Each structure stands twice: as structure tokens, then as C-alpha cells.
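Note that the structure is a prediction, hence the values are computed from the model and not measured.
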Amino acid sequence: MKFGRKITTNLYDEWRPFYIDYNLLKRELKSRTSSPSHNWDDKDERDFTAMLKTELDKVHDFQKRKTAELSRRIRDAEKDVQRLVAQESSPQSSSEPSPIHPSDPESHQARPSDYGPDEGSDDDDDDDMDDNQSATSLEDLFHGLQEEVATLVADVHDLALYTKLNITGFLKILKKHDKITNLPLKPTFIQDYLEERPFYKYNWDALIVKLSKLYDLVRTRGHPVQGDSSAGGNQSAFVRQTTKYWVHPDNLVPLKLAILRHLPVLVFNAEKEFEPKDAAITSIYFDNEDLELYLGRLEKTEGAEAIRLRWYGDTDVKTIFVERKTHREDWTGEKSVKARFPIKEHLVNAFLRGEYTMDAELQALVDKGKKTQAEVDSMIQLASEVQYRILTKQLQPVMRTFYNRTAFQLPGDPRVRISLDTELTMVREDNWDGQTRAGDNWRRTDIGIDHPFDQTPAEDKELFKYGVLEVKLQTQFGQEPPKWVTDLVQSHLVEAVPKFSKFIHGCATLLPNRVDLVPFWLPQMDTDILKPNTGYLTVERPTKNTPDAQSGLLSPQSPVSPVHSYVEPVSEGEEDEEMDLAPARDEFRRTGLPHEDVAAAIAFREKSLKERDPAPQSSGSSSTPDVVFDERTPLLKLPRPPRVERTVSIDPLAPSSAFDERLRERLQANKNVPPRAQDGEVREAVGLDEENLRDDERLLVRDWSAPSGKRIAVPVRIEPKVYFANERTFLKWLSFAVLIGSIATTLLNFVPANDPRGLISAALFTLAALLAIAYSAIIFVYRALHLRARCAEGLYYDKYGPTILCFVLLAALGTNIGLRVADMRW
């Protein structure tokens, strides 16, 4: 679709005069360059640049004015809620509700005298009726606020789309100008004008967090539920599963709105005003020059560890968390775990050098009553093991990861925890190539949280172009996750990438000279993951007197348990830690979305919560241990909506082997089908032009390969029974060889010494037995070595050994029979 038609189709009609006039600029450019008698000159360049500046000022001023208006409307709505709560709690004003209209800020002043009884009245006969009317009027006012929130969400969505369309329009018209006139206006205009009016860099997180806070106030009628730090942490007998997805930058705002309709944003301090640094998370990963930890995590070997130092916020924080993640294979019956302990920033270097131990500092936590003795003992053991591992394996800072995280979860409901990491950046910390980065310190000091780290050389950083969505599901056995989660992960907004790791991706991209084994997703970085819109998220402005209108968002709903407290969906293993979390009161700021969109999403969430059937909550503790599954393990068999598939898709809640089997079946089914008969099926990439595909088609590329000189790592799952199977096969061969050897021994012992025919037969059977023993021993050692090396290719299926053995036995038997028949004739 041409961009001029696209912007006309997608714009919000009420804001039409404030969009970039792309068609006017294009016509102006064409009229001044298409005339044969006129060449583009300096005057044309100045005039065209002036037109661009006028359009840029118009767009920038409108967005600035609109965002300020949204902030004001949210503050006014919060004041309205507080005023209503005060009236509700006050006996006198409970019968005197203020005529507040949420969409009219000027009407927010209370006028109790207009609605209360006459002063000095002693008529109490109608008290009950007055109370009922007061409660009804108060509820109507709250419903009016919900409609205002829905309108705010719609405005946020449209304003985000407004920003995207306008910046795209400027870049396209500048590119067209440079191509037609052969004058490089684009670089200078971006540097001199766009950077001075960076409307496209607006952080929508603050708006979304504020909207979430506003919705929580409206939903709870001004009495937000306080978070329980242990909610969800002590539950047992649950199935837990974590899956990861990539999110295209164009889908970040719609995705946040889609999640916000069902889950609120979680923060550590709901009363604190949001700052950009509140969402920042930075980690320093350690490894040695052999990249031992990288290879272990990449190949998913049993007991593979990852050691990192993590802090939240800016670099001036005093508390650093030392974390160790340990991978466990499923056959061990144990779960992959992450444990951590805190350490003061000024003690980190001494701890890493082995000059300082954590025993005394951690033991002090018991004296202060913050931890139990058992918890402290576990942390002391962890600190000793991490320190020992760092010293013995000579681990050093290798990789830094930075990102801004937005966390979502329903209060008191640990079944669904979602986090979205944006602005993900990997930065080198090692000194291996002769350049001093971290030096003798545990982290480099020339960067902080100032993304995109312009002061860092390009070869030292990797700016990840997608957002990373992590979905954590916790359900009881046999219980299905909420349908909206299934719809979300199967929508066009996300791309499933099982087992994605920031540490692995950073090492694979920034250390190419040291890494020859790369993750499977690395070649996919060259493929655009943007998919055709499936209509999963539809944002519409509320219509009064319409039941569904208060949400402002139309989407599938699902029953979810009523909730009472909050827990942040943090990194793997942190869900069992006690954290003082609460719902964010400024979700629109923390998610970076416009006020209206977030407000509408919040209103939809409120409507869904009211319609949900209460589900039984697990109370108390159970002796059954938690069962943790990774992406390879199916959580549940979920019903998929019927649809025409155009590509081989990944069911994110199914094991990776299911995708392989599905791919084989689809390819086998299409092998003998003409290309034109495969409508809706897998299409060959060879000979197709991506630009000629229809909007609803996706190009499936099968011929991707690893970068030159690299190999793609495919995790191989090897259970102990595989080793036993190898030994069992070897013993079977030996038993057969012993049987053949017994025949040879019998012939040698019972035939006369002067019988050459008997001796020849015995020698042949002996040779067959020796060959069987030698062959089985060689195959046994070969397979054992390949299993230890976790090599998936090899002679695990023996096509030749049994056949050769049969021919040798037939030859020995045939020779024996032939010699005896010849002997009988003489």
C-alpha cells in the first residue's frame, strides 16, 4: 500500500489537520522536478525545506499540547475519584454527591447545596430513599469516570499511531527528495530539525503507568488493594511454564494496551512518581576466555550455570544482587533454579578477588529480623559457591545487558505474569582484545542507563531491534490458562522464540572471533518479523449507553480468579522471593502510552473483572513440589481457533518437537502439490518477490543458514536411559557373539584332529564371533563418546552391522554344510 493512501486510511479524523500533509509535499516535489524547462535550484530547496519545517512544527506542537492535555485530564480524574471517596466515607456528604462529569474539567467542583436537603430540615422520613439515591448517583459518577478512562485509552492509542505515521511520513518524503533531486537533505534535516523537535522519541511508559493507576482507583472505587509480597510465592502443586517472544517496535504500543486490558502494571513503590530510571535493569554476566558458561547455557548441559551481577535503576544504587542460574534437565526430577544474595556495591571487587566473604554481613540479617536462619544459611552457602566458582574458573565480566522492563500481573493471581523488556542493549565488558573496558573493576564506568549509549563504540554494543516479551504461566494440573493469553501469544503482535537468552545473544554477536557455535535464532534477525494484522486488538472510543462501550476495547474475554494482591513478574526464579510490590498508580507513564489508550484498556480490565466467575484459590501449603516446565514441555493441550494457515506456525504452549513434526508433515503433504494448489499452505521462497506478496501473506524462508564459519547450536536432550540403551545393545551383541563362540568351541572339541573340514567350520564360526565382539565394542565406544559430546548425528541407527553379521553367519553355516555334504559323497 502506498504511504499516502495508508496515512489517509489510518489517521484519526478529528486530528486530520494536524498530520503531516504528505500528499501536498509529494505533489510539490513532483511539480518542481517534472517540468523539462525547470531544474531544481537553491530556491526550490529552501522553499521545500521551509514547508518541511512548517509541517514539523505543526506535528511537534500538536503532540506536545495533546500529551499535556492527557496528563491534566488524568490528574483531574484522580481528584474526582478522591472527592467521590471522601463523599462516600463522610456521613454528611454521602447523601450529597457532587455532579461531576469526567469529561468536563470545569464541572469538577462539588456543589453540595444543590443536592442536599434544606438547611435546618428535620424531616427524616425519606432518609432511606435519599441513601439509595445517593448510592445510585455515586455509582453513576464512577461509571462516568470509567467512560472517561476508556476515552483516554483511545486517545493514547491514536496519539501513538499519530506519532508513528508522522515520523514515517517525514522519513519517506526526505528519502524521495534525495532520490529525485540528488541532494542529501535527509541527514541535515534530521540533525538540524528533527533532533531539535524529537516528537518521535516520546516515552509512552509514563502515560501508561499513570493510566493504570487511574484505572485501579476507579475499579476499586478509590480503595486500591495493597499488595501482598508473598502472593503466589508459596503456592505448590502447580505447573509453571515460561515462554519468550520477540515484539516488533511497531507492535509495542498495541501489545502494551492488549496486556493492560487484563493485567495492571506493577511497581515497587506505588506512591513514588515515575521516573525513567525506575524501569531500568542492568546485569553484568561473567565468563572465562574459553566461554565455558556461554557454551553450557547454549547447549543446555546438565548443571550449566550463569553468574551475573544485577541492579535496578541508575548506577548510583548501593545494593547489587549476585545471582546464579542453574539449568537442570527434566530427567533429574529437579527444576532449574535461580538464587541470589545482596551485596554492597563497594564490596563487590573485594568479593570477586576472594578478599571478602559474606558470612558476617548475611548473618546480620538474622539479627535484624529480616531473614530466618535457614534462609541466611542458604545464602551463605550460595555466596561461598559463587566465589569459589569465580576464582577457580577465572571468571571475568564479559557482557552487560540493559533494558527497561514493564511488568504486568493481576493482584493475588499468580497464574499469569508478563514482562516486556524494551530498549535492550548488550555491551562488552571484557578486556580480551587489548582494549580496557572494565579494567580491574567489576563493571565499566563510562556508561550508565543513557540508552542508546552514544559514547560507546559501535563494535562494543548490540542494539537489539525488538522488544522481548516473557509470559509466565502457573496453573493447576488440568487447568487451562486464560483464553486471552492464548489469543495474545498466537496473534500478529508477537513472534515466538523459545529459549531466547540475552546473555547468549550478546556473546554471539559481540564476540564473533571467539564464538563458533551460535543460537538458532541468530539467522532470524535478518528476517522481518512484522506480520499482517489479524485484528486481535481493536481500539474504539466508548459510546454512551452501550454496555461494551466503557472498555473502549473489543477482544476475547476469559474467566480469571478474583484477585487481592500484587507480585511482580520478575526474572526466572524470583517469583518465590518476598518483594514489597503494589499496583502502579501511573501506568500510562510507566508503559509509555498515551493517557486515553491506557484508560480504555483499564476500563476494559475492570469490565472483565466484574464478569469473571470466581475460581477456587489454593490455600495453605502442599507437600507436592512445584513442577517447572520449559518451552519444550507442553503446558496444556489448548484448542486453537479454526483459521486458514499461511505458514508453519509455532504453538507457544507446545514442545519444540511438535513444531518439527508439524513441519515434516506439512512439507510431506505439499511435496507433490503444484505451487498454485497450495493456497494457504507453505510456499517456497525461491523465485518469490517479497514485494509482490499480498498483505495477508507471509514469506516462509527455508534456506537460511548460520553465518560464515559458524555452527547453529541445537540443544540435545540426553537422558540417562540413552546410555543404558547403548550398554544394553552392546551386551546383546556380546551374548550373540558368545553363542556363536560356543558353537565354534563345540566343533573344536568334538571333531577329530585329522578332520580338516570340521576345523575349517570351527575357524569360520570363531571368526564370526570375534568380528561381532570387535564391531560391537567399536560401535559402543563411538556412541558413548558422541553421547558425551551431545552430538545428535552419528551411528545411533545401525544399518550395516546386523546385515554383515548375518552374511558372515550364513557363510559359516553354508561352508560347514557344504564341507559335510562333500565328505558324505566320498
Colleague: Assess the pair Y162 and F62: is the distance between their ring centroids shorter than 6.0 Å?
Modeller: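 That pair passes the under 6.0 Å test.
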Colleague: Mind checking side-chain hydrogen bond (donor to acceptor under 3.5 Å, both in side chains) for Q455 and listing every partner two or more places apart, or none if nothing turns up?
Modeller: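 Here the qualifying residues are D450.
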Colleague: Is the shortest distance from a Lys or Arg side-chain nitrogen in D178 or K186 to a carboxylate oxygen in the other one below 4.0 Å?
Modeller: no
Colleague: So how far is it from L159 CG to E69 CD, rounded to the nearest 0.5 Å?
Modeller: 10.0 Å
Colleague: Is the F464 ring parallel, tilted or perpendicular to the W246 ring (thresholds 30°, 60°)?
Modeller: perpendicular
Colleague: Quick test of your reading of the model: are D47 and K43 salt-bridged, counting only N-O distances below 4.0 Å?
Modeller: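 Yes, charged N to carboxylate O under 4.0 Å.
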Colleague: Report yes or no: does D278 contribute a side-chain atom to a donor-acceptor pair with the main-chain N or O of E275 at less than 3.5 Å?
Modeller: yes
Colleague: Any salt bridge linking R428 with D433? Criterion: basic side-chain nitrogen under 4.0 Å from a carboxylate oxygen.
Modeller: yes
Colleague: If you measure from the Lys or Arg side-chain nitrogens to the Asp or Glu carboxylate oxygens, is any gap between D421 and K502 under 4.0 Å?
Modeller: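 Yes, charged N to carboxylate O under 4.0 Å.
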Colleague: Measure the acute angle between the ring planes of H505 and F500, then classify it against the limits of 30° and 60° as parallel, tilted or perpendicular.
Modeller: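 Answer is tilted, since the angle falls between 30° and 60°.
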Colleague: Please check if the distance between the ring centroids of Y12 and W15 is under 6.0 Å.
Modeller: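 Between Y12 and W15, the centre distance is under 6.0 Å.
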Colleague: So how far is it from H262 NE2 to I259 CD1, rounded to the nearest 0.5 Å?
Modeller: 9.5 Å
Colleague: Should we say atom CD of E195 is surrounded by more than 12 heavy atoms from elsewhere, each under 6.0 Å from it?
Modeller: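 Atom CD in E195 is crowded, with more than 12 foreign heavy atoms closer than 6.0 Å.
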Colleague: For R444, is there an ion pair with D446 - N to carboxylate O distance below 4.0 angstrom?
Modeller: yes
Colleague: Do the side chains of R72 and D76 get close enough for a salt bridge, i.e. N-O under 4.0 angstrom?
Modeller: yes
Colleague: In terms of side-chain geometry, is the basic nitrogen of E495 or K531 positioned less than 4.0 Å from the acidic oxygen of its partner?
Modeller: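 The answer is yes: the pair qualifies as a salt bridge.
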Colleague: Taking the six-membered ring of W432 as reference, does the NZ or CZ atom of R437 fall below 6.0 Å from its centre and within a 45° cone about the axis?
Modeller: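 The answer is no, since R437 fails at least one limit relative to W432.
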Colleague: Do other residues, nucleotides or ligands put more than 12 heavy atoms under 6.0 Å from the NZ atom of K465?
Modeller: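 Buried by this count: over 12 neighbours within 6.0 Å.
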Colleague: Quick one: does any side-chain atom of K461 pair with a main-chain N or O of F453 as donor and acceptor, under 3.5 Å?
Modeller: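 Flag set: sc K461 to bb F453 pair under 3.5 Å.
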Colleague: Can you tell whether the side chains of K318 and E345 come within less than 4.0 Å, N to carboxylate O?
Modeller: no
Colleague: To the closest 0.5 Å, what do you measure between NZ (K66) and CZ (F18)?
Modeller: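 Going from NZ on K66 over to CZ on F18, the span is 9.0 Å.
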Colleague: Would R27 pass as a cation-pi partner of Y22, given that its NZ or CZ must be under 6.0 Å from the six-membered ring centre and within 45 degrees of the axis?
Modeller: no
Colleague: Classify the ring geometry between F503 and Y285 as parallel (under 30°), tilted (30 to 60°) or perpendicular (over 60°).
Modeller: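 It falls in the parallel class, under 30°.
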Colleague: Can you spot which of T168, L165, I167, I7 makes a side-chain contact (heavy atoms from CB on, under 4.5 Å) with I20?
Modeller: I7
Colleague: Say you draw a straight line from CE of M399 to CD1 of I504; how long is it, rounded to the nearest 0.5 Å?
Modeller: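 It comes to 11.5 Å.
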Colleague: Testing the basics here: between A258 and L488, what is the closest heavy-atom pair and its distance to 0.1 Å?
Modeller: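 Nearest pair, atom of A258 first, then L488: CB-CD1, 4.2 Å.
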Colleague: Considering all heavy atoms of both residues, which atom of L29 and which atom of I180 are nearest to each other, and what is their separation?
Modeller: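 The pair with the smallest heavy-atom distance is CD2-CD1, 3.9 Å.
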